[in-house]
There are 2 protein chains.
Amino acid sequence: MGNNLPRILIVDDEPAIQRFLHTALDNGEFSLHQAENGRAALAAAVNTKPELILLDLGLPDMDGVEVIGRIRQWSQVPIIVLSVRDREDDKVKALDAGADDYLTKPFGVGELLARIRVALRRSLQQAPEPVYHIDELEVDLARRRVLMRGKEISLTPTEYDVLRLLVTNAGKVLTHRQILKQIWGAAYLEQPHILRVNVSNLRHKLEKDASRPCYIVTESGVGYRFKGQS
Amino acid sequence: MGNNLPRILIVDDEPAIQRFLHTALDNGEFSLHQAENGRAALAAAVNTKPELILLDLGLPDMDGVEVIGRIRQWSQVPIIVLSVRDREDDKVKALDAGADDYLTKPFGVGELLARIRVALRRSLQQAPEPVYHIDELEVDLARRRVLMRGKEISLTPTEYDVLRLLVTNAGKVLTHRQILKQIWGAAYLEQPHILRVNVSNLRHKLEKDASRPCYIVTESGVGYRFKGQS
DNA sequence: GAAGGTATCAAGAAATCATCAAGATTGGGG
DNA sequence: CCCCAATCTTGATGATTTCTTGATACCTTC
């Protein structure tokens, strides 16, 4: 089926819900894919690059909120949460983690379809590429890989996080505090040292000459900036 | 209150709901506006250009769905419907008309705030940031970048602060004391020297001929003025 | 041409930054 | 349960940038 209908990834481990959703959505307008747990969902999100994800929060292997967070590291694909949990706290957490909508089971098929249309209508206008090419550097957010002239560079988790933050905001100056808050949390707001060490390490791994950086530029007294294409 | 908090337009005719929403949203993060009927809502949408609209479907003078349609003819502002109507048909109609979300009363304040954050988060990333163009000078406040004929100019933190203050008040004369107080604090009110040095440095970096400045004009005995676009 | 305000240069002081390396922590495997 | 390896954090030090101040020359207006 090499069509180009919008791909929808259904993430749910209950066969009953799977069947229900397949029936509800099998109207020839979508191409349906499926995952039964969090790990499979993350893999499928990378591989099939769906236009929309329907996500049940109650997965056997990991928390749904974490799935949202992991996907949001590299993709803006609309995520609609479908859950039996009706507690406000669950909704807030999922929405703040990056979900676009939250439907409490049971829900009507008509409403689900309408909310899917809303999400798709919106995402049609924007589709940022999750792979960044800057000169000879290549950052693949979906696969969490960094290549320099095609050769893979191995980064530690923190180094990668810093790089991802800088790359996704290429061209923009990020203050020390912004970066620290995002990656180390509010408790480290006043500790730019730890950020400097990581930037230094990053530069030694991906700059030609770490003392004359081309990618990660220092904005003295302010923060760092990833030199984008613009 | 000339702040730049996100403006939220509340469209509802019941005083009880108005009060409830004002209480719920009055946390200092939003600037609240209000309309009691459809006509007023359409006018307010044009005039206050809100970042988000909370819309009750049951308005005295016109149908809420029509309000959505009329706004969608010219604006992509996020619209969250708040309604007592729980019929699926109502939801589908409102969402298909262009609403971004639909909350059935009664709902929790936490959920409302979370859905507002979702809507604002989305519209924030596609909103083009303000860039000042003055002749061949370009000041991009969001990226903290200054370009002269497309070429980047590197400024120190204080130089940038001074320039930003002048540019955001382009055309207006700022007295020495105003600038000093804003950037160096009240303790430096009587030290115009330090400001002069910075203006001089700025001019050398961005004026064609620093001795005949075109952008930063001296108002002798008063202060400085940034030449507006006019 | 004097006076008050203005512009520029340069140098020491202060703040910020880069780097190396040693201790602390963590997670996985035996 | 312990050990190992990778990573994270912290400390120390030298390099770099930026800030502030003083000296001096320059306008402009009366």
Side-chain angles (χ1 to χ4, degrees), chain A residues 144 146 152-166 173-226, chain B residues 144 146 152-166 173-180 182-225:
Chain A
R144 210 183 166 88
V146 180
E152 178 149 9
I153 294 177
S154 110
L155 300 180
T156 72
T158 343
E159 286 165 6
Y160 178 83
D161 286 343
V162 173
L163 181 64
R164 174 167 52 80
L165 192 59
L166 289 169
V173 177
L174 297 179
T175 67
H176 298 127
R177 298 165 61 77
Q178 284 176 316
I179 304 174
L180 287 165
K181 185 175 179 191
Q182 187 88 31
I183 293 175
W184 282 274
Y188 285 76
L189 274 180
E190 309 301 334
Q191 312 224 8
H193 184 54
I194 197 166
L195 169 59
R196 291 207 180 92
V197 174
N198 274 277
V199 168
S200 173
N201 292 338
L202 261 177
R203 294 214 259 234
H204 279 89
K205 288 187 180 178
L206 50 86
E207 298 275 6
K208 214 168 279 180
D209 177 0
S211 63
R212 296 167 39 115
C214 299
Y215 295 113
I216 304 178
V217 187
T218 302
E219 298 282 342
S220 195
V222 186
Y224 293 98
R225 181 166 57 88
F226 196 92
Chain B
R144 202 185 178 285
V146 180
E152 182 149 3
I153 294 176
S154 109
L155 300 179
T156 72
T158 1
E159 286 165 6
Y160 180 82
D161 287 344
V162 172
L163 181 64
R164 189 189 44 193
L165 191 59
L166 289 169
V173 180
L174 297 178
T175 67
H176 297 132
R177 298 168 62 84
Q178 280 177 319
I179 304 174
L180 286 164
Q182 185 87 29
I183 292 174
W184 280 273
Y188 285 76
L189 274 181
E190 309 303 332
Q191 310 220 14
H193 182 52
I194 197 165
L195 169 58
R196 293 208 176 90
V197 173
N198 273 277
V199 168
S200 170
N201 291 338
L202 261 177
R203 281 175 175 158
H204 280 89
K205 286 186 179 179
L206 51 85
E207 299 276 5
K208 214 169 282 181
D209 177 0
S211 63
R212 296 166 42 111
C214 299
Y215 295 112
I216 304 178
V217 186
T218 302
E219 298 286 342
S220 198
V222 185
Y224 294 99
R225 178 169 56 87

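For the numbers below, each heavy atom of this structure counts, side chains included, while hydrogens, waters and symmetry mates do not. The sequence lines fix the lettering, A, B, ..., with proteins before strands; numbering per chain opens at 1.
Looking only at distances, no side-chain donor or acceptor of A:Gln191 sits under 3.5 Å from a matching main-chain atom of A:Tyr188. Here the side chain of B:Glu207 pairs a donor or acceptor atom with the backbone of B:Ile216 at under 3.5 angstrom.
Bracketed by its first and final contacts, the part of DNA chain D lying under 4.0 Å from non-hydrogen atoms of chain B reaches from D:dT18 to D:dA23 in 5' to 3' order.
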TODO: Kindly indicate, with the supporting measurements, whether the criterion side chain to side chain contact (heavy atoms under 4.5 Å, CB included) is fulfilled by A:Lys205 and A:Thr156.
DONE: CA-CA 11 Å; A:Lys205 288 187 180 178; A:Thr156 72; 4.2 Å; yes
- [ ] Report the C-alpha separation of B:Leu195 and B:Ile183 in whole Å, then their side-chain angles, then the decisive distance to 0.1 Å, and conclude whether the side chain to side chain contact (heavy atoms under 4.5 Å, CB included) test is met.
- [x] CA-CA 9 Å; B:Leu195 169 58; B:Ile183 292 174; over 6 Å; no
Task: Intermediate values then yes/no, side chain to side chain contact (heavy atoms under 4.5 Å, CB included), B:Leu180 and B:Ile194 - done: CA-CA 9 Å; B:Leu180 286 164; B:Ile194 197 165; 3.8 Å; yes
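Between B:His176 and B:Tyr224, the two ring planes are perpendicular [angle over 60°; tilted spans 30° to 60°].
Annotation: side-chain hydrogen bond (donor to acceptor under 3.5 Å, both in side chains) contacts of B:Asn201 (sequence neighbours excluded): none. Legend: residues meeting side-chain hydrogen bond (donor to acceptor under 3.5 Å, both in side chains) with B:Thr158, ordered by chain and number and at least two apart, are absent. For B:Glu219, the salt bridge (charged side-chain N to carboxylate O under 4.0 Å, His left out) partners at least two apart in sequence or on another chain are B:Arg225.
The environment of B:Glu152 atom CD is dense: over 12 non-hydrogen atoms of other residues, nucleotides or ligands sit within 6.0 angstrom.
Between the P atom of C:dG5 and the NE2 atom of B:His176 lies a distance of 10 Å, rounded to the nearest Å.
Within 4.0 Å (heavy atoms only), A:Glu219 reaches sugar-phosphate atoms of the nucleic acid but no base atom. Among the heavy atoms of the strands, none lies under 4.0 Å from B:Tyr160.
Note that the two end axes of the helix from C:dG1-D:dC30 to C:dG30-D:dC1 enclose an angle of 30°, each drawn from 5 base pairs, rounded to 10 degrees.
If you check residues 189-215 of chain A against DNA chain D, the residues with a heavy atom closer than 4.0 Å are A:Gln191, A:His193, A:Ile194, A:Val197, listed by number.
Put simply, B:Tyr224 has no side-chain N or O that comes within less than 4.0 Å of OP1 or OP2 on C:dG5.
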